[in-house]
Protein chains: 6
Amino acid sequence: MNDPFFHPVSGFELPRFAGVPTFMRLPLVQPGHDRFGDVDVGLIGVPWDSGTTNRPGPRHGPRQMRDASTMIRAQHLLSGVRPFEAMNCADLGDVGPNPADIRDSMDRITAFYRQVVGAGIRPLTAGGDHLTTLPVLRAVAADGPLGLIHFDSHTDLYHSYFNGQMYTHGTPFRRAVEEGLLDPRRMVQIGIRGTQYDGEDLDFAKAEGIRVITIDEFHARGPEDVMTEAREIVGAAPTYVSYDIDFVDPAFAPGTGTPEVGGPNSYQALQVVRGLKGVQIVGADVVEVSPPFDQSGATAYLAVSIMFEMLCVMA
Amino acid sequence: MNDPFFHPVSGFELPRFAGVPTFMRLPLVQPGHDRFGDVDVGLIGVPWDSGTTNRPGPRHGPRQMRDASTMIRAQHLLSGVRPFEAMNCADLGDVGPNPADIRDSMDRITAFYRQVVGAGIRPLTAGGDHLTTLPVLRAVAADGPLGLIHFDSHTDLYHSYFNGQMYTHGTPFRRAVEEGLLDPRRMVQIGIRGTQYDGEDLDFAKAEGIRVITIDEFHARGPEDVMTEAREIVGAAPTYVSYDIDFVDPAFAPGTGTPEVGGPNSYQALQVVRGLKGVQIVGADVVEVSPPFDQSGATAYLAVSIMFEMLCVMA
Amino acid sequence: MNDPFFHPVSGFELPRFAGVPTFMRLPLVQPGHDRFGDVDVGLIGVPWDSGTTNRPGPRHGPRQMRDASTMIRAQHLLSGVRPFEAMNCADLGDVGPNPADIRDSMDRITAFYRQVVGAGIRPLTAGGDHLTTLPVLRAVAADGPLGLIHFDSHTDLYHSYFNGQMYTHGTPFRRAVEEGLLDPRRMVQIGIRGTQYDGEDLDFAKAEGIRVITIDEFHARGPEDVMTEAREIVGAAPTYVSYDIDFVDPAFAPGTGTPEVGGPNSYQALQVVRGLKGVQIVGADVVEVSPPFDQSGATAYLAVSIMFEMLCVMA
Amino acid sequence: MNDPFFHPVSGFELPRFAGVPTFMRLPLVQPGHDRFGDVDVGLIGVPWDSGTTNRPGPRHGPRQMRDASTMIRAQHLLSGVRPFEAMNCADLGDVGPNPADIRDSMDRITAFYRQVVGAGIRPLTAGGDHLTTLPVLRAVAADGPLGLIHFDSHTDLYHSYFNGQMYTHGTPFRRAVEEGLLDPRRMVQIGIRGTQYDGEDLDFAKAEGIRVITIDEFHARGPEDVMTEAREIVGAAPTYVSYDIDFVDPAFAPGTGTPEVGGPNSYQALQVVRGLKGVQIVGADVVEVSPPFDQSGATAYLAVSIMFEMLCVMA
Amino acid sequence: MNDPFFHPVSGFELPRFAGVPTFMRLPLVQPGHDRFGDVDVGLIGVPWDSGTTNRPGPRHGPRQMRDASTMIRAQHLLSGVRPFEAMNCADLGDVGPNPADIRDSMDRITAFYRQVVGAGIRPLTAGGDHLTTLPVLRAVAADGPLGLIHFDSHTDLYHSYFNGQMYTHGTPFRRAVEEGLLDPRRMVQIGIRGTQYDGEDLDFAKAEGIRVITIDEFHARGPEDVMTEAREIVGAAPTYVSYDIDFVDPAFAPGTGTPEVGGPNSYQALQVVRGLKGVQIVGADVVEVSPPFDQSGATAYLAVSIMFEMLCVMA
Amino acid sequence: MNDPFFHPVSGFELPRFAGVPTFMRLPLVQPGHDRFGDVDVGLIGVPWDSGTTNRPGPRHGPRQMRDASTMIRAQHLLSGVRPFEAMNCADLGDVGPNPADIRDSMDRITAFYRQVVGAGIRPLTAGGDHLTTLPVLRAVAADGPLGLIHFDSHTDLYHSYFNGQMYTHGTPFRRAVEEGLLDPRRMVQIGIRGTQYDGEDLDFAKAEGIRVITIDEFHARGPEDVMTEAREIVGAAPTYVSYDIDFVDPAFAPGTGTPEVGGPNSYQALQVVRGLKGVQIVGADVVEVSPPFDQSGATAYLAVSIMFEMLCVMA
Ligand SMILES: [Mn+2]
Ligand SMILES: [Mn+2]
Ligand SMILES: [Mn+2]
Ligand SMILES: [Mn+2]
Ligand SMILES: [Mn+2]
Ligand SMILES: [Mn+2]
Ligand SMILES: [Mn+2]
Ligand SMILES: [Mn+2]
Ligand SMILES: [Mn+2]
Ligand SMILES: [Mn+2]
Ligand SMILES: [Mn+2]
Ligand SMILES: [Mn+2]
């Protein structure tokens, strides 16, 4: 641990606007690199949005997030955690999707993550739309169903869209439950809000025992209380964390395809991640950052701030 | 009720980015249409900003709000209300103003709304600047003064502007009281803030018995307590609801001509509408959405989210 | 002809910012409407971008183009042509795609256009990415291969992309030639420029006898001379016109996914359309307008100005 | 002449981004100032857009143009003219309009310009929409009808709009001819293009002997030839120059309310002003700069570059 | 006091979009002006960003803040304070920096402020990056170390940057303590958050007795409680107030170079200023407003709203 | 040559929006890398803008240019040149400047380029403001004065700025001549335009024999004729090419700090580079790309298109 090879470039040495932007200014260690086997946590981009049903753009997310991440420094103000010294972190590059073929893309993603997981690396993913999580889980949940803490405006539990499409960003968690990748009784979805087509997703959640915490309950109880419950739901077993940036109110995260007003502010957006302390996180993602709808880059910056908080609780 | 003709097009059938955009993807039923008489609630655009004293733009509001409204679905998450099944809702089109003549425009608006009210339709208006509310009230308050619940940063109670101009977006409620369209003792204004020219408007409010709840009182008491009082003020009699989007903090609603910092967030922006449940709403509006100052479209989306909440409490 | 039902709403009657935006403010006459059979030229939106290999967005094109088209008036300044009096024009609405299935979408598009063509209506399409043209041609070229005048930075003649994908916006004209929808000896591509992967597309063009006019030749000869040759190539037989907005220099048309610098200016962009006078146009399109990359709306406005010029030469 | 009081602040002394922005960094000499009588050319803002029939915003033009004008230096590259040494130039401030009353505003403008003209100052105006020119001409043409060189996409010669509105930005030159402020046989309009409602304006031009040079003629002949004819038309008698920024192609001047594609580029935009050399200019304006539609500020910068060229030919 | 010369121009007389923009529409009274000696509070721009280590732009801050300040009116809603009647306020213009020489710029700033302080004027500064505060303090703290209430995401207490650079916007308060301009035991820093290079700044704070209130403590205790402590720390002796706009969450203040998510909202941004009532303020500033990153102008408007609140507590 | 290690990643294999962005998707080969000695042409970023006298931002240029360069493919359409096969090209990374010290930064840049030149690599630089060229020339012109072909709106030949500042982006070529790095009789400056402070720069050019081709001469003669003369001026001896993006009209290249209207279009912007064929280029740069003023990214894309043309004439 605390291997200088894995330290990010400091803004005191090289100004933060300089240099080829990798995640958090970490070394780029793609599969095949001779230090690949030494990585503890791998930051991975999945530039893909073929599951998007409305406004596209998350395919451009990883690049913008890398750019914004050059503003992230080395140490957490409150806890004093220095994640890049506590763990060997690296940018593992992007998984190249096939923009014209959803299933081929999913296979590519799963194959890449199998390499990652096989090397003992915990993946921290920058999406990509939320369908990304499904092929990631197919690799990460190889040893049995995981718990899930899921931040989102939407349950993403629908059965299908349009002409019976089973794979969109509105269906990944339905598929993951069906495929035995997630244990529904160890699943919690936080921040659900917005108008609905109907109650089909909530009916499924209820039937399966998935805990849904609406934004109204969230605002009434506060982030700390909610996260205490979330930790209890997933317990001590391996758990995946999936963070749809549309969980956050669009004033703080405008760059996303399906915004819903009335969400948490940016402080709460960080607080819920701090509330993951103690969870056995085997993988995490931040998805649905859509640069074409994020003119100022604020959404990408919030997303990488969330990724830094994730690293601190994974350390 | 629950007439399929009046159901919005579902995003499961036609993607939300497709189709000619009407309000909420409802049928366009303009006066003369053979289903006009079957409409319960009519969504109407008033593309007009001749009353604007500073930054113009609300004339472009209805079109952008129609576009944003294609993101609204059919059902309220919490209450389960499906307003488009509970009431026959339709897009009644726009009232065409005369951009070069304020009085002619007001007459055109009043004439249109008389048709609407005469057909037993409750109007839900997308402005337009706040002067819009005056000619609307001239039609809606035909049977005597109404109560008013008014969300705004400003009282809009000034006597006149510039060279004695009586009709601007800073004066509609002064005129409406003078014309007997509103009952001042059944009026409440919520969210008042910002710098002031002087206290002339507040003096008028005090003299007439209009209840003014400043943003400081709002933040101190919270939306629910404030709305309880508001419901008491208007009581069980017919009431109009007027929602100036500048009520909301400009971080959440930047697209408006006279923003004032320090306002409610987007969750509170919805909460106050939910607090209207039980009020006898004879008409409502959302005004001052100014697309030229709303580069991301976020303001229009918040505005139509508010309109959906209004429909749910009117159902 | 000159049926008032098919006249656009004048900006002298209803301000141009008012009203639900249809193409050119024409009546909305979707299949099933009782005037559908009287339409001569149908303006159709295809909100679809599943063939896009880089930056997405054309799915939002038709709506923004309808909005911009409300700025178009009734008469051509120079020629005095009044197309909406010379032909019955109408907005036929959008073809709803399936964003998650390319082949299903193509089938839906072809089916819609078969209805249109079957009713004797000439289609003028607002895309959508350039793959749109392929399923349109499958309907329009039902009676044998057509000539093609194609304005673009790119030949769109590649064999396939990525993992052997045959249907992307880089391949439609290769497919159309293979499927016998276009007669390669009656095809001309104008404005080709930008960096290339390799010469595979140009080799195909050469082998098939497709005439490629690079931007260098275009700038050297000028629009009028080039269009004289184009008219000779297609001759008097039925011809389709396909206009990729990236033909125009990105300073004039920034809102597109694959811009190439060094293109024609906006005057030349119109001149080439005027040069179509005399061609037997059986259908036409303007594609690749991508609103997320068109912050000012200028691209959509140029695109509908081009559509108006097309109407004038089709009249 | 060459009075240091009237020299602009140099960017070598005070950086161009510093200081309260007056036009060209000139002294602010409003009526009443003790140097008012020494001014030769007065730069005046008219922040007004009540004549606008479509997209508003020129009321914000003068302020943005002052800001952009701080980028203008002291000397013309080619001619070597130093206008601020050749003439006493000053910023005379803004005329305050009445946003809610067109006729009151016109009276205020005319009154202000009478003061200016009365003091022997030639006005160079930054609008405001094009209706601005009418009340200015009422002051400037006090001694009889003037010649006019008018750059625009539109003739602005319509009789009326909407419900018989006589005063809009589409009618000022019709009114000015009717009021005897302009001599139609000494009028030339350059750059006319775009779609038309009908030919009513061109019929009026023809009947009165106003010379209309369409953009097609402009592009065919070139700026120099066109300006030679323009100079001949106005001759040696007093002439007013009115420059609607929508004369320029919207790629170069996006910030305007009624753009028309296919116009001159920015070099031609300057060339035509250089072609005014020798004309007896008694006043000039640049109008229709609309900051809400000019996100980058490019339009304002082009507009003040045009104003600088005007000063050089007035020197 | 209450001298009409020092009253701002009312928006009832001259629309707020009209006129050359000075701070708050106050008279421009630069050194040498014959009313300079009568000024109580001077609003000063320092258009300078040479201390910026990442994203530049605050050199453009004062001009944009002047523009936004034309939206500020005359009276505080709650307290009824009319600061421009209570004190003689004026715009003192900008201090011209030398963009290519940090030390020369600091000397120019200090010299200007010595004139101001020497005339008995309290300065209210619009920056400029945060290094601005150092040369200002060199003038304002001439009679001994001051107390400091400092709102910021960052402590700005670092020793040096890059190659030993002592003067950047990350070091001004370290320097000010070292130079004896501030009394560390009367210093409080509020809102500190974001990732850190290391703990060097906090170590210095601890060693010197500077009170640091992190954003977590701020959110837990609330603005009023925090400000009560702040007032106790500075006590009754002369105090300077420095407000880095990045104190506020970037959703409310995006236009700044080093944003940190998770900050106060705009209401809290004002509340903390109201909490200064009773403090003996000898000078204040609002810094780090960066227009190139503030497309909508919202940040500048928030900044001048804060300046107005400052004037009310200084009155 | 034609070493696959130095081939860019193809968009047919990895979509162009994927992957960590290096220049042209080339390998990153920083000094110390074991293939450094095999590089023929090195693409280098200099993220620096300390020489900027007005609007800052070029420090962010290299990163945005790398991002845009992922849209560049492998082959020139007309000439068929495949530069990445003809020469070993690589991204050499960024030179880290010291944002707070101009002279230190210049020394760092010169030192880096001495490594590059010492390894036999020809540098192609992405700036940075135009002062960048001076420290580059100090390394590249080690063996005696070079010829210069300089595209720009400005001569950058001023003696000094502000308080005698010798090193700004307005002075680099004055310094380079004085330092003997350039041979003034083999220097040509093309595109000069805009307003001027005075004629001091042109006087220097004249005295030294530097050829200045104004934009008026450029437009009159055309790019090809001008470039023929330029090639004659520099002859067969080693020559440096410096391309200030403000050479191009701001409609095509808005993202720059000192735009001047009336410039070349984007086709001419490429033509002049093609006209360099045959010149013995020992180094080249494209400077003054300022992302904060380039909202759409169009300027960066044009800049890298120019860099690709440069590579083709260097091949
Ligand atoms: Mn999701
Ligand atoms: Mn979601
Ligand atoms: Mn209001
Ligand atoms: Mn209001
Ligand atoms: Mn194409
Ligand atoms: Mn193309
Ligand atoms: Mn005009
Ligand atoms: Mn015009
Ligand atoms: Mn600070
Ligand atoms: Mn800070
Ligand atoms: Mn230069
Ligand atoms: Mn330059």
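Chain letters run A, B, ... following the sequence lines, proteins first, then strands; residues in each count from 1.
When the candidates E:N265, E:D294, E:V261 are compared by the number of heavy-atom contacts under 4.5 Å with chain A, E:V261 comes out ahead. Most heavy-atom pairs under 4.5 Å with chain E, from the set A:T70, A:I72, A:L14, A:L78: that is A:L78. Contact count against chain E (heavy-atom pairs under 4.5 Å) is highest for A:Q295 among A:E13, A:Q295, A:E309. Each of A:Q75, A:R82, A:H76 has some count of heavy-atom pairs under 4.5 Å with chain E, and the biggest count is that of A:Q75.
For chain E, the nearby part of A:L270 is the side chain; its heavy atoms alone come within less than 4.5 Å. Contact of E:P264 with chain A is not made at all, since no heavy-atom distance falls under 4.5 Å. Both the backbone and the side chain of E:F162 come within contact range of chain A, judged by heavy atoms closer than 4.5 Å. For E:T53, the part lying near chain A is the backbone, with the side chain staying farther off; criterion is any non-hydrogen pair under 4.5 Å. In this structure, chain A has a heavy atom under 4.5 Å from the side chain of E:L202, while its backbone stays farther away.
Note on residues 245-259 of chain E: no pairs pass salt bridge (Lys or Arg N to Asp or Glu O under 4.0 Å), not counting sequence neighbours. For residues 62-79 of chain A, every residue pair satisfying the salt bridge (Lys or Arg N to Asp or Glu O under 4.0 Å) rule, not counting sequence neighbours, is listed here: A:R63-F:D67, A:R66-A:D91, A:R66-A:D94, A:D67-F:R63, A:R73-E:E260.
Counting heavy-atom neighbours within 6.0 Å of E:R221 CZ, excluding the residue itself, gives a total above 12. Atom NZ of E:K206 has 12 or fewer neighbouring heavy atoms from other residues, nucleotides or ligands inside a 6.0 Å radius. Within a 6.0 Å radius of CD in E:E179, other residues, nucleotides and ligands contribute more than 12 heavy atoms. Residue E:E178 qualifies as enclosed at atom CD: its count of foreign heavy atoms under 6.0 Å is above 12.
Close placement of the E:Y161 and A:F12 rings is indicated, their centers lying within 6.0 Å of each other.
Checking side-chain atoms of E:R55 against main-chain N and O of A:F17 turns up no donor-acceptor pair under 3.5 Å.
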Requested in this report: Take A:M24 and E:T195 through the test side-chain contact (heavy atoms from CB on, under 4.5 Å) and record every step on the way to the result.
Outcome: CA-CA 12 Å; A:M24 311 280 176; E:T195 58; over 6 Å; no
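In this structure, CG on A:L77 lies 4.5 Å from CD on E:Q196, to the nearest 0.5 angstrom. Atom OG of A:S10 is separated from atom OH of E:Y197 by 5.5 Å, given to the nearest 0.5 angstrom. The line from CD of A:Q268 to NE2 of E:H219 is 9.0 Å long, rounded to the nearest 0.5 Å. Taking OH of A:Y267 as the reference point, atom CZ of E:F218 lies at 10.5 Å (rounded to 0.5 Å).
Between E:G262 and A:S266 the shortest heavy-atom distance is N-OG, 2.8 Å. Of all heavy-atom pairs between E:P259 and A:M71, the closest is CD-CE, 3.8 Å. Taking each heavy atom of E:A251 and A:A251 in turn, the nearest pair found is CB-O, 3.4 Å.
Looking at E:T258 and A:R16, their side chains come closer than 4.5 Å, going by heavy atoms from C-beta outward.
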